[in-house]
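Single-structure report; data block below.
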Amino acid sequence: MVLRHELSTLMYIFLASILCMFTIIWLHQPHPPTSVHLATTALFPTDTPTPTPSPQVTMSSQTSSDGIKELRLKDDGSTFSFTLTDTTTHVGSVIFFQKSGDVSAMSIPFNTFSPANTYFFLQETLNGQTHFLVFNTSGEDFANGQKYLDVTSLFSAFTSDYTISDVTGWGSDSFLYINVKARQGDGKVTYGLDLPSQNFYSVGIYFP
Amino acid sequence: MSKKKNSRKSAFSFIARFIIGGFVVISVGILTWHLYPQQKIVVGCANSISCGKELSGKIENNASGIFHTKKVPPPQISDVLGISKTVLGATLPPGEKHIYVDLARQMLYAYQGKNIVMQTHISSGKWNPTPTGDFTIWIKLRATRMTGGEGADFYDLPNVPYVMYFYNDEVGKGLGYSLHGAYWHNNFGHPMSHGCVNMRITDAEALYNWTEPATDGETTYATDDDPGTKITISGVAPGQ
């Protein structure tokens, strides 16, 4: 009985030593911070502030990365109109407008302008489906005579294996990143649309 | 009497075992501490080629840039690029300036005291992760050249605008991590860089003119009298 008592004491000491050892090993592993500590977490806004819409007219805008171009959307309930302004000369003109109806919503994404401001893209909801439209910033038509390219329709014609989940922005002045998901399964891929050729290319990595 | 003696012996035995056990555990702990030292995160250069060599300002208006095999015309550095003359927080009460970068949301928040003066999308490291922790700006450059990568990933970018290099004890000044404007992509809100925090040019300009040390010419060093603004980078970027 004394021996059993001695053995159980030794076992407890052994277990405590092992626990101590593993605790120290774990503490010495690198643990990067995963969140801002509480004092500052409360300062992080959870939503991007959006302008309070007036009953009749909603305005929103985005500037180009270099600040030289500004695209403004005016939604008066019946028409979406887009005005493009050169901020250095303060000269602006309506570059596109769309009557609401089948198109229930339009917006200007944060990354709307290509890096050298050659193109910009918009997002619209048409008959409940999201479409992404690309325009020449100069206002000129594309080679096929179209005012804009409907990326969603072009991609649907390119492949039926994937659907567009988001158009995120520009990899270069003429290369638009498109995130797609597989129609079957959970596959996610990033494609790029080369504007001059209007060809799609798999980027090879996914830009989440 | 014998029972009392036995219980005293038992208590003494328990205390003795407790002390010996504690001594053994502490000894094992000290031995482990010395044999298994704390592992530090090894951080590489932000720009693998220009790292450590090109941490000085350089304006090259006639140069041409390359990013992932595509030629990229750099912005011409002149006053024309100073579109916004508004200084962040000019109408707000003075307060300590602090920048927070949330890698999970790919957002940057700049505070002056308790007032937020900027909230915008950024692009953190994709091919090389942006380090996390608390940092301090040590130098501000109006523009510099950044070079790195290899093969299809090679990039050579002159006139990278509004560069604010930061450091801490683990991420040294020579590693070249910074906040700066990016003119070769517009995919903010998604990781795109080789470790630096990319921003829209106008956002980088506004931050550059707001952060400390107070901008003085094309190259501004932080000093004891004018220390750099603090930056806290936290979270895990999407896809990492």
Side-chain angles (χ1 to χ4, degrees), chain A residues 5-6 9-10 12-14 16-25 27-37 40-41 43-46 48-49 63-68 87-88 109-117 168-177 179 190 204-208, chain B residues 17 20-22 24-29 31-33 36-41 67-68 70 72-73 75 80-81 83-84 98 100 102 104-105 107 109 111 114 116 119 121 126 131-133 181-192 199-203 205 232 234-239:
Chain A
H5 187 62
E6 299 280 353
T9 304
L10 281 171
Y12 289 133
I13 293 171
F14 177 72
S17 304
I18 296 293
L19 189 66
C20 176
M21 192 173 69
F22 274 106
T23 301
I24 290 168
I25 290 171
L27 283 172
H28 281 186
Q29 292 284 349
H31 294 289
T34 55
S35 63
V36 179
H37 64 84
T40 52
T41 302
L43 297 175
F44 274 70
T46 53
T48 302
T63 56
S64 58
S65 176
D66 57 12
I68 291 176
T87 61
T88 57
F110 185 84
N111 295 316
T112 186
F113 287 99
S114 63
N117 305 330
T168 63
W170 303 87
S172 74
D173 191 52
S174 59
F175 200 73
L176 189 62
Y177 282 139
N179 282 348
T190 297
I205 49 177
Y206 183 65
F207 286 89
Chain B
R17 285 190 178 90
I20 293 168
V24 170
V25 170
I26 290 169
S27 299
V28 167
L31 199 63
T32 308
W33 189 282
Y36 200 86
Q38 190 165 22
Q39 293 179 20
K40 290 193 173 182
I41 301 171
F67 183 74
H68 292 186
K70 291 185 188 291
V72 187
V80 175
L81 277 181
I83 295 295
S84 170
H98 201 122
Y100 298 92
D102 183 346
R105 294 177 179 162
M107 292 288 294
Y109 309 90
Y111 280 84
K114 292 184 179 179
I116 187 167
Q119 175 185 322
H121 291 286
K126 181 163 186 71
T132 55
Y183 60 82
W184 49 94
H185 76 82
N186 264 9
N187 199 30
F188 304 106
H190 305 270
M192 284 288 291
M199 305 175 66
R200 275 182 172 177
I201 297 173
T202 48
D203 291 339
E205 180 200 358
T232 299
S234 63
V236 180

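Throughout, a chain's letter reflects where its sequence line sits, starting with A, and its residues are numbered from 1.
Here the shortest heavy-atom pairing between B:V28 and A:S17 reads CG1-O, 3.7 Å. Taking both residues in full, the closest heavy atoms of B:N186 and A:S65 are given as OD1-CB, 3.6 Å, listed atom of the first, atom of the second, then distance. The shortest non-hydrogen separation linking B:Y183 to A:P115 is O-CB, 3.3 Å. The shortest non-hydrogen separation linking A:C20 to B:G29 is SG-CA, 3.6 Å.
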Q: I would like to know whether B:M192 and A:Y177 meet side-chain contact (heavy atoms from CB on, under 4.5 Å); could you show each step before the answer?
A: CA-CA 12 Å; B:M192 284 288 291; A:Y177 282 139; 3.7 Å; yes
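In this structure, A:Y206 places its OH atom where more than 12 heavy-atom neighbours from other residues, nucleotides or ligands lie under 6.0 Å away.
Looking at A:A16, the atoms closer than 4.5 Å to chain B (heavy atoms on both sides) sit in the backbone and in the side chain alike. Contacts between A:S172 and chain B at a heavy-atom distance below 4.5 Å involve backbone atoms as well as side-chain atoms.
For B:H190, there are no ring-ring contact (aromatic ring centres under 6.0 Å, His included) partners at least two apart in sequence or on another chain. With sequence neighbours excluded, the residues that form a side chain to side chain contact (heavy atoms under 4.5 Å, CB included) with A:F22 are A:I18.
In this structure, B:H121 and A:N111 have side chains that are not in contact, with every pair of non-hydrogen atoms separated by 4.5 Å or more.
With A:F110 as the aromatic partner, B:R200 meets the cation-pi criteria of under 6.0 angstrom to the ring centre and within 45 degrees of the ring axis.
Proximity of a side-chain donor or acceptor of A:T168 to a complementary backbone N or O of B:N187 within less than 3.5 Å is not detected.
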